[in-house]
Enquirer: 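Pasting in a structure now, in structure tokens, and then I'll have a few things to ask.
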2 protein chains.
Amino acid sequence: MNLDNKRLRRFIENTADLMEEQGFPRMAGRVIGALMICTSPHLSHEELAEQLQASKGSISMTTQLLMRLSIVERISLPGHRRHYYRLREQLWNDLLSTRSEHILQHLSLVDDGLALLKTEPIEAKMRLIELQVFSDFILESLPEMAKRWEQRRPELMKKRLAQLS
Amino acid sequence: MNLDNKRLRRFIENTADLMEEQGFPRMAGRVIGALMICTSPHLSHEELAEQLQASKGSISMTTQLLMRLSIVERISLPGHRRHYYRLREQLWNDLLSTRSEHILQHLSLVDDGLALLKTEPIEAKMRLIELQVFSDFILESLPEMAKRWEQRRPELMKKRLAQLS
DNA sequence: CAATGTGTTCAGTCAAGACTGAAATGTGTG
DNA sequence: CACACATTTCAGTCTTGACTGAACACATTG
């Protein structure tokens, strides 16, 4: 194993660490890492199994999970039997909208809590109201942020690309 | 167990579900739930153990974790031997700033990746650059968001408090 | 400085779930 | 339709880590 290969593995394991913190299985993090760092536009099922030293069964489980979460997508190439996988485009942009669903969950939980405290004095409710108001704020900020992202993207992109030379 | 007690438990378990999704131990979610819904300003070690039907050891472990993460704080009341716990004030506000640290981690990982792809054509790098630029955007947006939150909070607060009547 | 009330630590138990590997199923090709 | 190649499924293994409970440590009070 040469030096770059070693760094490659470390990159993939670091990605796995990061995703594990977010509650994903390590293998899912590895697949994401491999698809981020690969030089070709996609990797086959077999290539993933080989590069990550994992069983084909495990890769199958993991890609199913990641497809269900709209993180990777499967591609079939004409004339090839194999399945190929790549990271979904627009993956990062979508983060802004999927956050909204989580926050709506939060809010519904907080509503339940406030219902429970209905007859209690206002002081007891304040903790929940603070959270409710903060969630309101995030919820109303997200669409605006998405709009600003579209505006800002080209400029930031240009700046980063200039740094590569 | 009366009806409200049942709803109380459900609230706490729902909180645990939500926190578990974020990678916390269930017990940590339960403690947070109990501290959110309690009518007194704080709960003692023993009250937590009793209400959550957990061992004192488990509560000790969990409160340590939550204090390390600056989620709860411990209070000692003069004339009382017991320890009391409550949710940190400003907890939600802090979310905006702690996010930044996570994103800096992301960015450093992406930099590693780009270093690995140094000699590769631009197409191979695009996936990582997209992520880098998106992280840049979030990073520059967060302080601005925190500022807007301070401005917006009083108004949203007033609106929510009006709904309680 | 005991005695009593609290909290922490840690070894052991238990459950959840990630991963493997082989059998079953699917899919495209001659 | 049969064959070969690919993927999925699933039962079993193994690891991880949450939780318990009892022994230990600490602190407050008389």
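Protein chains get the first letters and strands the later ones, always in sequence-line order, with residue 1 at the start of each.
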Enquirer: Which residue pairs satisfy the ring-ring contact (aromatic ring centres under 6.0 Å, His included) criterion with at least one member in residues 39-64 of chain B, sequence neighbours excluded?
Expert: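 Those involving residues 39-64 of chain B are His42(B)-Tyr84(B).
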
Enquirer: Going by an N to O cut-off under 4.0 Å, is there a salt bridge joining Arg153(A) and Glu130(B)?
Expert: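 A salt bridge links Arg153(A) with Glu130(B).
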
Enquirer: I'd like to know if the side chain of Arg74(A) reaches the main chain of Met67(A), judged simply by a donor and an acceptor atom lying under 3.5 Å from each other, with no hydrogens or angles considered.
Expert: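 Here the side-chain-to-backbone pair does not exist.
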
Enquirer: Keeping Glu47(B) on the side-chain end and Ser44(B) on the backbone end, is there a donor-acceptor pair under 3.5 Å?
Expert: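 Answer holds: yes.
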
Enquirer: Mind jotting down which residue pairs meet the ring-ring contact (aromatic ring centres under 6.0 Å, His included) criterion with at least one end in residues 145-165 of chain B? Sequence neighbours excluded, please.
Expert: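 Only Phe134(A)-Trp149(B), Phe137(A)-Trp149(B) qualify under ring-ring contact (aromatic ring centres under 6.0 Å, His included).
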
Enquirer: For nucleotides 16-19 of chain D, list the nitrogen or oxygen atoms of the protein found under 3.5 Å from its nitrogen or oxygen atoms, one pair per line.
Expert:
| from | atom 1 | to | atom 2 | distance (Å) |
| --- | --- | --- | --- | --- |
| dC19(D) | OP1 | Met27(B) | N | 3.4 |

Enquirer: Do Arg148(B) and Ser141(A) have side-chain atoms, one donor and one acceptor, less than 3.5 Å apart?
Expert: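 Per modelled atom types, Arg148(B) and Ser141(A) side chains form a pair under 3.5 Å.
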
Enquirer: Indicate for each nucleotide in nucleotides 2-7 of chain D, in 5' to 3' sequence, whether protein heavy atoms under 4.0 Å reach the base (B), only the sugar-phosphate (S), or nothing (-).
Expert: --BSSB

Enquirer: Step through the shown structure and confirm whether more than 12 heavy atoms of other residues, nucleotides or ligands are within 6.0 Å of CD on Gln22(A).
Expert: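 Yes - once you tally the heavy atoms of other residues, nucleotides and ligands closer than 6.0 Å, there are more than 12.
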
Enquirer: Report the residues that fulfil ring-ring contact (aromatic ring centres under 6.0 Å, His included) with Trp92(A), sequence neighbours left out, ordered by chain and then residue number.
Expert: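 For Trp92(A) there are no ring-ring contact (aromatic ring centres under 6.0 Å, His included) partners, ignoring immediate neighbours.
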
Enquirer: Taking heavy atoms of chain B and a 4.0 Å limit, find me the 5'-most and 3'-most nucleotide of DNA chain C within that range.
Expert: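 Range of nucleotides within reach of chain B: dT4(C) to dC10(C).
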
Enquirer: Can we say Arg7(A) and Asp112(B) salt-bridge, meaning some charged N sits less than 4.0 Å from an Asp/Glu carboxylate O?
Expert: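 Not counted as a salt bridge, because no side-chain N and carboxylate O are separated by less than 4.0 Å.
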
Enquirer: In plain terms, say whether Glu120(A) and Lys125(A) are close enough for a salt bridge, that is, a side-chain N and a carboxylate O under 4.0 Å apart.
Expert: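 Result for this pair is no, no salt bridge flagged.
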
